[in-house]
Amino acid sequence: MSDTPNSPDTPAAANFVRDSVRADNEQGTFGGRVQTRFPPEPNGYLHIGHAKAICVDFGIAEDFSGVCKLRFDDTNPVTEETEYVDAIIDDVRWLGFEPGDVVYASDYFETLYTWAEHLITTGFAYVDDQDGDTISAQRGGYGKPGVESPHRDRPTAENLDLFRRMRAGEFADGSHVLRAKADMQHDNMQLRDPIMYRIRHEHHHRTGDDWVLYPTYDWAHGQSDAIEGVTHSICTLEFDSHRALYDWYLEHSPLPGDQPRQTEFARLELSYTVTSKRKLLQLINDGVVDGWDDPRLPTLRALRRRGYPATAIRAFCDFIGVAKTNSRHQIEMLEWFVRNELNRTALRRMAVLRPVKLVITNWPTGHSESITLQNNPENADDGSREVEFTGEVWIESDDFKAEAPPKYFRLTPGAEVRLRGAYYVKCTGYNTDADGNVTEVLATYDPETRGGSAPDGRKVKATIHWVSTAHAIDITAALYERLFAAEVPGERTGDPFDDLHPNSREIVQGKAEAALAEAAPGQVVQFERLGYFAHDHDQPALFHRTVGLKDEWANVQKRGK
RNA sequence: UCCGGGGUCGUUCAAUGGUAGGACAGCGGGUUUUGGUCCCGCAUAUAGGGGUUCGAGCCCUCUCCCCGGAACCA
């Protein structure tokens with residue numbers, strides 16, 4: 001076991017949810033049993049916010065040797081699709097969790113229906129055939145009591161008859177609903193005779209056309225929990241005011257076992273990020289991004305494509321903990337976890353993304369030699385590789401300046417730097433085109449410094465990366481900035497789209513060492529001194545910048561301004 | 001307006017009546033063949049008032065601020 005926060009072995013931090021589960025176990029509340037569920041609605045792709053929920057739901061179950069099922073909350077046939085179901089299962093597994101079972105709220109439609117009849121029979125539900133606006137108006141308002149429906153005291157037999165005919169498809173959408181007979185005066189609006197069933201003549205992704213009657217979330221959720229034996233129903237804060245209803249429904253249902261308990265925690269929000277399904281969909285539909293797996297998106301598919309390791313996401317989620325405070329975590333912290341993981345695991349390679357040619361004027365014409373470089377200084381087991389060096393190499397254009405600003409350690413006329421693993425070179429001059437752009441940097445090398453150290457002990461202040469022009473391969477790199485330029489997108493104007501970063505993706509053509517041609521699809525490597533880059537799954541020469549390296553030089557420049 | 005949930009360094013999470021601590025971010029230094037990593041150090045917080053107590057971030061009380069709640073969405 002390691003004590004680094006990024007280790008998958010690190011036990012998750014204590015938090016109020018875990019503590020309450022532990023207390024339940026000690027008191028024998030559920031006979032020592034722990035069962036949770038992760039209940040996404042299959043109407044969109046999972047994003048980083050879901051990752052936290054997944055880590056909480058599956059994590060708690062794991063900690064107490066319980067089970068966590070993946071349950072699709074598919075109670076609304078008009079928005080839900082099978083496409084999302086498959087993707088969600090895939091994403092959960094990618095994160096590293098194996099669902100105890102994959103189930104659907106729609107599996108329980110028949111039981112739910114039976115229980116609804118039970119509520120009718122016991123006098124706790126009735127059929128209302130007023131229109132939606134009327135029902136809504138009768139609900140009252142904050143601080144104002146509601147008024148009871150004229151159908152509230154409909155006789156049981158009539159309720160049963162109407163409800164069965166609703167199921168049989170005799171009525172039009174919106175004409176009838178089944179409502180709980182709770183309390184129209186309750187301070188909590190959720191208890192003011194909520195809708196249990198509505199009529200939707202719609203095709204359902206699993207039950208097809210078997211049903212025209214669909215349960216609402218509140219009626220379906222707690223009952224599904226009870227049916228499958230969930231003990232701890234952990235959800236996000238916005239359901240807090242639903243808990244009273246959750247309990248009410250359970251108390252009035254013929255449960256097969258223990259009554260599950262709902263606990264709420266704060267969802268994960270990230271700076272510079274939107275996670276609303278509606279907004280994500282809009283970004284795609286408006287063509288701002290290419291699709292659900294565009295690396296600029298916070299969806300799990302996108303983060304995966306971008307090179308975020310699942311282990312880093314999990315470590316982040318475990319580390320930020322679980323609380324009830326509404327909070328927005330800084331994306332910098334997530335990026336720290338990503339770098340921390342990749343620093344240990346990513347092989348180093350040299351790539352030049354904005355190339356300028358460096359000509360070594362005293363290099364023997366036509367000579368080429370092989371340089372041995374470590375694959376990962378953090379892990380000797382990753383071994384080494386051979387890289388060809390010649391008298392003409394690509395270097396990063398940022399690594400040369402005709403006139404050096406203060407504290408600039410790289411190449412400038414008269415300055416000596418190390419070409420990583422190869423030789424010291426001293427800049428002797430440069431050539432420009434008619435417009436004054438640097439076309440070639442000229443330098444001499446010191447043959448005594450092979451391998452990158454000088455026998456006379458003299459030091460250089462910079463080491464720069466390089467790629468032999470004769471041996472370079474062409475690559476394309478996608479450089480991403482944050483999709484939104486504001487910490488809280490939409491805070492100024494109410495519309496996150498007003499805060500879109502004007503240039504969140506830059507495509508550059510670069511040069512790279514030959515070994516990069518062997519990168520596996522999806523593999524993440526470090527381009528030395530530049531950042532971590534994920535090899536695209538489909539396009540062989542395309543690399544997505546996962547995250548840059550911490551850049552002290554950029555800080556120096558920023559401070560100088 | 002009513003009900004509910006919150007308020008601890010810049011951000012976030014701890015401290016469950018007994019020295020307010022960690023991480024990220026920031027700043028300074030050391031090591032370094034990545035201006036990376038690593039190491040060392042510095043600075044910064046209990047929303048406000050009253051009370052209980054030997055002792056309060058924690059308990060009581062009043063005030064202020066933030067979030068959620070009146071879909072036939074989840």
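The model shown is predicted, which means the values in this text are computed figures rather than measured ones. Numbered from 1 within each chain, the chains take letters A, B, ... in sequence-line order.
The base of B:U11 is not paired with the side chain of A:Glu332 by any donor and acceptor separated by under 3.5 Å. For A:Gln330 against B:G10, a side-chain N or O and a base N or O form a donor-acceptor pair under 3.5 Å.
Here A:Phe319 does not pack flat against the base of B:A23, since the 5.5 angstrom centre distance and 30 degree tilt limits are not both met. Once the 5.5 Å centre distance and the 30° plane angle are applied, the aromatic ring of A:Phe409 is found stacked with the base of B:G35. A:Trp553 qualifies as a stacking partner of the B:G35 base, centre to centre under 5.5 Å and near-parallel within 30°.
A:Pro377 comes within 4.0 angstrom of a base, heavy atoms only. Contacts of A:Gln190 with the nucleic acid, taken as non-hydrogen atoms under 4.0 Å apart, involve only primed sugar atoms and P, OP1 or OP2. Within the nucleic acid shown, A:Arg200 comes within 4.0 Å of sugar-phosphate atoms alone, with no base atom in reach, counting heavy atoms only.
Judged purely by atom type and a 3.5 angstrom limit, A:Gln223 has no side-chain atom pairing as donor or acceptor with the backbone of A:Tyr108.
In this structure, A:His151 places its NE2 atom 16 Å from P of B:C72, rounding to the nearest Å. Here B:A74 presents its P atom at 14 Å from CD of A:Gln223, a figure rounded to the nearest Å. If you take CZ of A:Phe316 and C1' of B:A25, they are 13 Å apart, rounded to a whole angstrom. Whole-Å rounding puts the A:Tyr214 OH to B:C73 C1' distance at 15 Å. Residue A:Gln185 contributes atom CD, which lies 15 Å from atom P of B:C3 at whole-angstrom precision. Regarding A:Arg559, its CZ atom lies at a distance of 9 Å from the P atom of B:G26, rounded to whole Å. Here B:A15 presents its C1' atom at 13 Å from CG of A:Asp19, a figure rounded to the nearest Å. Remark: C1' of B:A25 and CZ of A:Arg339 are 11 Å apart, rounded to the nearest angstrom.
Of the N and O atoms on the side chains of A:Asn376 and A:Asn379, not one donor lies less than 3.5 Å from an acceptor on the other residue.
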List the steps, then state whether ring-ring contact (aromatic ring centres under 6.0 Å, His included) holds for A:Tyr197 with A:Tyr214.
CA-CA 5 Å; A:Tyr197 277 97; A:Tyr214 290 97; 9.0 Å; no
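Of all nucleotides present, only B:G26 satisfies the Watson-Crick or G-U wobble test against B:C42, with each distance under 3.5 Å. B:C2 is paired with B:G69 under the criterion used here, namely a Watson-Crick or G-U wobble arrangement in which both key atom distances are under 3.5 Å.
A heavy atom lying under 4.0 Å from RNA chain B marks the following residues of residues 170-178 of chain A, by number: A:Gly174, A:Val177.
Positionally, the nearest nucleotide of RNA chain B for A:Val322 lies more toward the 5' end than for the other of A:Gly132 and A:Val322.
Separation of the C1' atoms belonging to B:G55 and B:C2 is 39 Å when rounded to the nearest angstrom. Across the C1' atoms, B:G50 and B:A56 are found 14 Å apart, a figure rounded to whole Å. With both ends at atom P, the span from B:A23 to B:C64 equals 38 Å, rounded to whole Å.
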